[in-house]
Amino acid sequence: MAVFNVKNICDSTRTKLKETTAKMELFLNQHSLSQLNVENDPAMDEFYRGYLQDTRHLLVFCEVAYEKLGVSLRRPTFNVDFSEKVLYEVYHTCVNTFFYPKNECYSEDGRYAYTGQDAIRFRKKPSREVRDLTIELSKVFEELREDLAYYETDYITQRRMQGEKV
């Protein structure tokens with residue numbers, strides 16, 4: 001990939017990660033388990049506990065990737081190899097963590113992806129705040145997934161063909 005293209009992808013990815021981290025941080029700072037589970041339902045307690053845990057992990061992954069992209073973009077000489085490795089990490093940690101959360105509080109239903117409807121389906125009916133945050137984030141992570149599709153498999157294939165260790 002051309003230097004200019006990789007640099008632009010790094011810049012736009014960093015901007016999107018900044019947006020997602022701000023939303024997640026605001027949500028996590030304003031919502032606690034007891035605030036979300038107002039009915040004290042044990043099943044919902046487990047649901048929200050898992051959701052908050054997954055969101056905290058995703059926030060950390062996105063913050064780390066944001067910082068690495070910043071390092072990449074601030075270097076006096078842009079390092080394409082380092083930058084591509086960071087973009088690969090963004091795809092495989094941030095994007096995949098969003099779409100495949102460990103606690104499986106929600107999942108993506110691909111049948112809705114092209115209908116204009118929200119493709120996110122929740123295991124339990126969440127509060128409006130949880131639903132809104134997840135849907136907002138899904139839009140950004142869908143864009144990141146499209147932008148970084150090359151780093152899903154093609155990047156590794158190219159590196160292996162060049163005889164590099166991944």
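- For the atom pair OG1 (Thr93) and CG (Leu58), the distance works out to 8.5 Å, reported to the nearest 0.5 Å.
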Side chain to side chain contact (heavy atoms under 4.5 Å, CB included) between Leu144 and Leu17, worked out: CA-CA 9 Å; Leu144 281 170; Leu17 289 176; 4.1 Å; yes
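- Stacking of Arg121 on the aromatic ring of Tyr106 is not recorded, the 6.0 Å distance cut-off and the 45° axial limit not both being met.
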Determine, stepwise, if the pair Tyr151 / Tyr88 fulfils ring pair (Phe, Tyr, Trp, His ring centres under 6.0 Å). CA-CA 5 Å; Tyr151 298 97; Tyr88 173 83; 7.5 Å; no
Tell me, with the steps shown, if Lys18 and Glu63 meet side chain to side chain contact (heavy atoms under 4.5 Å, CB included). CA-CA 8 Å; Lys18 183 177 184 175; Glu63 286 175 333; over 6 Å; no
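- Ionic pairing of Lys23 and Glu19 is present here: one or more N-O contacts between side-chain nitrogen and carboxylate oxygen are shorter than 4.0 angstrom.
- If you check the side chains of Thr134 and Tyr51, you find a donor sitting under 3.5 Å from an acceptor.
- When all heavy atoms are compared, the tightest approach of Cys94 to Ala65 is SG-CB, 4.0 Å.
- No donor-acceptor pair under 3.5 Å is formed between the side chain of Ser72 and the backbone N or O of Lys68.
- Glu84 places a side-chain heavy atom less than 4.5 Å from the side chain of Val80.
- Rounded to the nearest 0.5 Å, atoms CG (Leu133) and CZ (Arg128) are 13.0 Å apart.
- What you find for Gly50 and Asn103 is that their closest heavy atoms are O-ND2, 3.2 Å.
- Two residues are said to be in side-chain contact when any heavy atoms from C-beta on lie closer than 4.5 Å; Ile120 and Asp109 fail this criterion.
- Ionic pairing of Asp11 and Lys7 is not present here: no N-O contact between side-chain nitrogen and carboxylate oxygen is shorter than 4.0 angstrom.
- Smallest separation of non-hydrogen atoms from Met44 and Pro126: CE-CA, 4.4 Å.
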Apply side chain to side chain contact (heavy atoms under 4.5 Å, CB included) to Tyr48 and Cys105, showing your working. CA-CA 8 Å; Tyr48 287 126; Cys105 294; over 6 Å; no
Could you please spell out the steps behind the side chain to side chain contact (heavy atoms under 4.5 Å, CB included) verdict for Phe61 and Glu89? CA-CA 9 Å; Phe61 293 149; Glu89 289 174 17; over 6 Å; no
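- Annotation: cation-pi pair Arg75/Phe82 present, NZ/CZ under 6.0 Å from the ring centroid and within 45° of its normal.
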